[in-house]
Amino acid sequence: MILEEVLKQGVVDIFKEEYGVDLSPQLVTINITKKEHEGDYTIVVFSLTKISKKSPEQTAELLGNKLKEKTGIVGKFNVIKGFLNLSLTDDYWLNRLKEISANVTYGTFPANHKKVVLEYCGPNTNKPLHIGHVRNMLLGFSMGEILKATGEDVTKVNIYNDRGINISKSMVAYKRYGNNSTPQSTGVKGDHFVGDWYVKFGEVVKQELENIPNKPDDKDEAAKLTPIFKEAQEMVLKWEADDPETIALWKQMNGWVYEGFHETFKVLGIDFQKDYYESETYKLGKDIIEEGLRKNVFKKRADGAVIVDLTPDGLDEKVLLRSDGTSIYITQDLGTAELRHKEFGMEKMIYVVANEQDYHFKVLKLALQKLGKQWADGIYHLSYALVESPTGRFKSREGKTADADDLIAEVLRIAEERTKELGKIEGFTDEQAKELYRTIGLGALKYFVLRVNPYKKIIFNPEESIDFHGHTGPFIQYTHARIRAVIRKAGVTPTGFETLSGLHEVERELIIQLSEYENVVKAAAEKYDPSEVANYVYNLAKLYNKFYHDLSILNAETEQLKNFRVALSNQTGIVIKKAMKLLGIDVPERM
RNA sequence: GGUCCCUUAGUUCAAUGGAUAGAACGGAAGUUUCCUAAACUUUAAAUACAGGUUCGAUUCCUGUAGGGACCA
């Protein structure tokens, strides 16, 4: 049983014995003791005084004595106001370390066979990925790893918005001015190549607008009057009519985009088990609309539009199908959700989508629940806030800084520069050095994004945000490399330290921290929040560096102590590596 | 007009309703004959405002101000 539960249960038992009251374990609050006080864990007893009818101090004193007596793992305790600080015995912690070390799968939980579908990324195919996608991809991938660690059966899926007016814009511009150029002939990455034609389209609209008299003030409305825009609209119709030439062009251009995307996915180390395409799902959802009407859950409005009334749930009436019978996003999302449930029979479906869609996903979940689909209870919108530049929202026209590939190239460049400055690559082959830059650069970027709680917006300043000191990915990577250096020098795997006595303060703290790892993984999964893991592993690394600085490992006073410290180092390295893996970040053997 | 989200140090982030609100960067001052100084140590610096609930509020509730998003 996990330590916190042992202590909570102990408190419950004591209250049963002393006062005959059945206390719920949830009412017992237990924290790691603040470092300015002596102790490992602290029980906060204020809330228990109502039952004990005694002062906080007396209640804590009683609990301390009884816990010491009953559990056998409490070495000593002290009481400050209503806080009971428990120090566990050195034996307990040494055994705990031994237990953790012996468990190769420490921090991962047995398979529970719960099927989870995790959708993330969801790009449009008319332009390259930008910094917002980066946050999405890193969050999505990490969430998948965390859920897998807690035993869930995760299928990661992507959805490509590959049809409609936007891709048609790129197609029209390319058709007019492309001269059969290709990514290969121009040396431009596929998604950027297509994105450039999308930009070109915008430029042409601007030019053509100058020749249009009496245009409306609204820019978007005015744009619709230009010849090239009309061409794009025709292109959509032709596509829907399966016009062979249009389909061929569409396939060709999307093909280029996918090539480009896959390259970026590979660099970021993210993957999907299944791809969905809007072109294949955009007609879905009509059946479910029918079902809703039959069940009287959805209603037909006077104008013919199908709506669901969500006013009892504090939302509005929401249109699910337009009065002319055409679909909107919510229509196909309903259909796609149903399709996935047929395919996977999942208990949970997680959508990693920006918080602009909060309302949309509330509607989606509610509508499916109202249809009586129980699996809809398992829908979770992992909503994340935008990534903004210091001057506000990144606009694609601000260019370079918002582009995912440029951003990645930039962090790799900085990593290379900094590593060379420090002279850290002696004895590395060119290949190894390059690999190291990649590891460190991506580590910095990924950690920067994942350390922040998803619902908080990130202010990203390309000049300053990528750092290698302090609370950063490279700091943690460096700590791992340091540990590996110690292990290499130590040679053998140590044993027989468990008879040691008299743990040093920082050694204790380190073991406590290692012992918390499994709780952190669980919490991150429950809260759908990788930043829990990110902040944990930083604290672990920081603590290790203190340990490393304060105490000698290889030159410890006795052989036994050396063995123990090597083992503690080794285990810290293992947990750092595991935690970073959950974030999708590699750790180097040396740097 | 309605709904939702955010506001903590100069800056970027932490804090299941618990102790003196933690870190990092930046500022100031230090540590290397010793296992990797991308490290470690010391130091100054913050809960937007006003109420309420509570033994106890950064956290929960109400209102105000500022920032952002969505719905029509």
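Naming convention: chains lettered A, B, ... in sequence-line order (proteins, then strands); numbering from 1 in each chain.
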Of residues 30-44 of chain A, the positions that come close to RNA chain B - non-hydrogen atoms, cut-off under 4.0 Å: A:N31, A:K34, A:K35, A:H37, A:T42, A:V44
Sugar-phosphate only, base, or nothing, as touched by A:S383 at under 4.0 Å among non-hydrogen atoms: nothing
By side-chain hydrogen bond (donor to acceptor under 3.5 Å, both in side chains) - contacts of A:S52 (at least two apart): A:T59
Taking only nitrogen or oxygen atoms into account, show me every contact under 3.5 Å that the protein makes with nucleotides 3-5 of chain B, one pair per line with its distance.
none

Members of residues 433-443 of chain A that approach RNA chain B, where some heavy atom sits under 4.0 Å away: A:I440
Reported CZ-to-CG distance for the pair A:R438 and A:L412, which is rounded to 0.5 angstrom: 8.5 Å
Footprint string (nucleotides 40-47 of chain B, 5' to 3'): B base within contact, S backbone only, - free, heavy atoms under 4.0 Å: SS------
A:Q26 CD: over 12 foreign heavy atoms closer than 6.0 Å: no
Distance-only donor-acceptor test, A:N85 side-chain atoms vs B:A19 base atoms, 3.5 Å: yes
Phosphate-side-chain proximity, A:H469 and B:A39, N/O vs OP1/OP2 below 4.0 Å: yes
Chi angles and distances behind the side chain to side chain contact (heavy atoms under 4.5 Å, CB included) call for A:Y120, A:L139: CA-CA 8 Å; A:Y120 72 108; A:L139 267 177; over 6 Å; no
Dot-bracket summary - RNA chain B, pairs being Watson-Crick or G-U whose distances fall under 3.5 Å, with | when paired to another strand: (((((((..((((....[...)))).(((((.......)))))....(((((..]....)))))))))))).
RNA chain B: 5'-proximal contact among A:K456 and A:D467 (nearest heavy atom): A:K456
A:T33 and A:D40: side chain donor to acceptor below 3.5 Å: no
Comparing A:R451 and A:R488 on RNA chain B - which has the more 5′ nearest nucleotide: A:R451
